[in-house]
Amino acid sequence: MIPAPVVPLVCYQILAAILFTIGVVGVLVRRSALIIFMSIELMLNAVNLSFVAFSRQHGTMDGHIFVFFVMAVAAAEVAVGLAILVAIFRNRDTANVDDVRLLRG
Amino acid sequence: MLIPAFLFAMFAGVAIGCAVGMVFHRNPVHCALLLVGVLLSISGLFILLNASFLAALQVLVYAGAIMVLFLFVLMLLNIRGESPLLTRGAAKGFGILFAIVVFVELLWTVLSPQVEPGGMAASPSVPRSFGSPAAIGRVLYTVWLYPFEITSILLLIAVIGAVVLAKRKFG
């Protein structure tokens, strides 16, 4: 048997909250679409950390399964998102989200 | 007893430092490498939480595959650093304000008294197989079999979509 963890759950949750917030700042503040994608990955990872910490706390592995699916969906999201980015860059020669304003009229 | 706490502090510090650096660094390649730092330290935290399989997966899938994809696109597009780093005027102030609100809300949720009585208090000791590939595989291929199969379809659709999007000429 593995004994109970030394670091309490709340520390992991606070760390996840901090990382998630940094990701939110990155999405809202940066202009490069690529960095925005990276910030989204950061947020997904913060949530994954939260899942795994809760999973350890409860002693069940359902959280691990959920993280597994999040990773799969993140991989799919990155593939499609980067393809869109390449298409935009090829058309408009920019990856700056302030310059891509076709829908704004 | 002290070593896990020290490791947690180290990984947490590296993760937060790299994340802040990633958000505010000018060069996109450095941003990507700093994100790799974040992902690796989160993988270390997974090991501290006895999630050995997910730690390996984190290194393979995130720090390996996904970051290679990022760097590949970065090199392909030859994106240079943005001249003004941040978005314009009002959006920046509003963004930071919104982020502070999100953070306060998250902290409030995390630090509030737990809803579930007694459910959160105890950290049970777990069997030695907790989080091992065998244990996860057993759950994944029995209880979660259908979601797993649907995930494979999702990945297939993503691959086809990526190829179609990157191939077609718009406009």
Side-chain angles (χ1 to χ4, degrees), chain A residues 1-7 9-15 17-22 24-26 28-32 34-35 37-39 41-42 45 48-49 52-53 55-57 59 61 64-65 67-69 71-76 78-80 82-87 89 91 95-96 98, chain B residues 1 4-5 8 12 15-16 19-20 22-23 28 31 35 38-39 42 45-46 49-51 54 57 61 66 69 73-74 77 79 82 86-87 92 95-96 98-99 102-103 106-107 110 120 123-128 130-131 135-136 139-140 144 147 151 154-155 158-159 161-162 165-166 170-171:
Chain A
M1 296 292 276
I2 303 169
V6 177
V7 181
L9 171 72
V10 80
C11 295
Y12 286 100
Q13 298 304 323
I14 291 172
L15 176 64
I18 292 171
L19 288 178
F20 190 89
T21 311
I22 295 171
V24 170
V25 171
L28 290 174
V29 154
R30 291 299 295 258
R31 316 165 78 208
S32 164
L34 211 61
I35 310 290
F37 262 116
M38 290 184 201
S39 303
E41 295 302 316
L42 182 61
N45 267 281
N48 281 354
L49 179 63
V52 173
S55 196
R56 179 68 187 80
Q57 181 81 3
M61 284 196 310
H64 291 204
I65 302 294
V67 170
F68 179 84
F69 285 126
M71 281 182 184
V73 172
V78 165
V80 174
L82 288 179
I84 292 173
L85 197 66
V86 169
F89 195 84
N91 262 335
N96 187 332
D98 284 348
Chain B
M1 211 56 184
F8 173 82
I16 292 173
V20 170
M22 185 205 91
V23 168
C31 290
L35 183 57
V38 178
L39 299 176
I42 287 180
L45 290 172
F46 282 179
L49 289 164
N50 306 114
L54 287 181
L57 217 58
V61 175
I66 291 182
L69 208 58
V73 169
L74 213 60
L77 299 187
I79 298 173
E82 312 152 58
L86 308 174
T87 69
K92 180 169 58 179
I96 290 188
F98 183 75
V102 167
F103 183 61
L106 284 174
L107 265 194
V110 166
M120 309 289 298
S123 308
S125 54
V126 289
R128 197 153 270 290
F130 185 80
I136 289 197
V139 183
L140 193 62
W144 302 96
T151 308
L154 175 81
L155 285 172
V159 168
L165 276 171
F170 291 96

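The chains referred to below are lettered A, B, ... by the order of the sequence lines, with proteins before strands, and numbering in each begins at 1. Scope of the values below: all heavy atoms of this structure, side chains included, with no hydrogens, waters or symmetry mates. Being a predicted model, the structure only gives us computed values, none of them experimental.
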Let me see the working for Ile136(B) and Phe68(A) under side-chain contact (heavy atoms from CB on, under 4.5 Å), right down to the final yes or no.
CA-CA 10 Å; Ile136(B) 289 197; Phe68(A) 179 84; 5.6 Å; no
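- Between Leu155(B) and Ala72(A) the shortest heavy-atom distance is CD2-O, 3.6 Å.
- Considering only heavy-atom pairs separated by less than 4.5 Å from chain B, the leading option among Val80(A), Leu34(A), Val86(A), Val25(A) is Leu34(A).
- Residue Met61(A) comes nearest to Gly131(B) through the heavy atom pair SD-N, 3.1 Å, listed as atom of the first residue, atom of the second, then distance.
- For Ile65(A), the part lying near chain B is the side chain, with the backbone staying farther off; criterion is any non-hydrogen pair under 4.5 Å.
- Rounded to the nearest 0.5 angstrom, Tyr12(A) OH and Leu45(B) CG are separated by 6.0 Å.
- Between Gly59(A) and Val126(B), the closest heavy-atom pair is CA-CG1, 3.8 Å.
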key: Evaluation steps, side-chain contact (heavy atoms from CB on, under 4.5 Å), between Ile96(B) and Leu28(A)   = CA-CA 8 Å; Ile96(B) 290 188; Leu28(A) 290 174; over 6 Å; no
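- If you measure heavy-atom distances from Leu19(A) to chain B, the contacts under 4.5 Å come from the side chain alone.
- The parts of Phe37(A) that come within reach of chain B are both its backbone and its side chain, each placing non-hydrogen atoms under 4.5 angstrom from that chain.
- For the atom pair Arg56(A) CZ and Phe46(B) CZ, the distance stands at 14.5 Å (nearest 0.5 Å).
- Per-residue counts of heavy-atom pairs under 4.5 Å with chain A were compared for Val61(B), Leu74(B), Leu107(B); the largest is that of Leu74(B).
- Taking CZ from Phe98(B) and OG1 from Thr21(A), the interatomic distance works out to 10.5 Å, rounded to the nearest 0.5 Å.
- For the pairing with Leu15(A), the side-chain contact (heavy atoms from CB on, under 4.5 Å) check across Ile16(B), Val110(B), Ile42(B) returns one residue only, Ile16(B).
- Remark: Asn48(A) engages no residue in a side-chain hydrogen bond (donor to acceptor under 3.5 Å, both in side chains) (not counting sequence neighbours).
- The part of Leu39(B) that comes within reach of chain A is its side chain, from C-beta onward, which places non-hydrogen atoms under 4.5 angstrom from that chain.
- Chain A forms more heavy-atom pairs under 4.5 Å with one residue of Gly161(B), Ala15(B), Ala99(B) than with any other, namely Ala99(B).
- Side-chain contact check for Val38(B) versus Asn45(A): every heavy-atom pair is 4.5 Å or farther apart.
- Taken to the nearest 0.5 Å, the CG atom of Leu106(B) stands 11.0 Å off from the CD1 atom of Ile14(A).
- Looking at Phe8(B), the atoms closer than 4.5 Å to chain A (heavy atoms on both sides) all sit in the side chain, from C-beta outward.
- Between Arg30(A) and Met22(B), the shortest heavy-atom contact is NH1-O, 3.8 Å.
- Nearest heavy-atom pair across Leu165(B) and Ala83(A) is CB-CB, 3.8 Å.
- Atom CG of Leu35(B) sits about 7.5 Å away from atom CD of Glu41(A), to the nearest 0.5 Å.
- Looking at Val73(B), the atoms closer than 4.5 Å to chain A (heavy atoms on both sides) all sit in the side chain, from C-beta outward.
- Here the CD1-CG distance, from Ile66(B) to Leu82(A), works out to 9.5 Å after rounding to the nearest 0.5 Å.
- When each of Val159(B), Leu154(B), Leu140(B), Val102(B) is checked for heavy-atom pairs under 4.5 Å with chain A, Leu140(B) comes out on top.
- Proximity to chain B involves both the backbone and the side chain of Val52(A), based on heavy atoms less than 4.5 angstrom apart.
- Chain B forms the most heavy-atom pairs under 4.5 Å with one residue out of Ile22(A), Val24(A), Val78(A), and that residue is Ile22(A).
- Of all non-hydrogen atoms in Gly26(A) and Val23(B), the two that sit nearest each other are CA-CG1, 3.7 Å.
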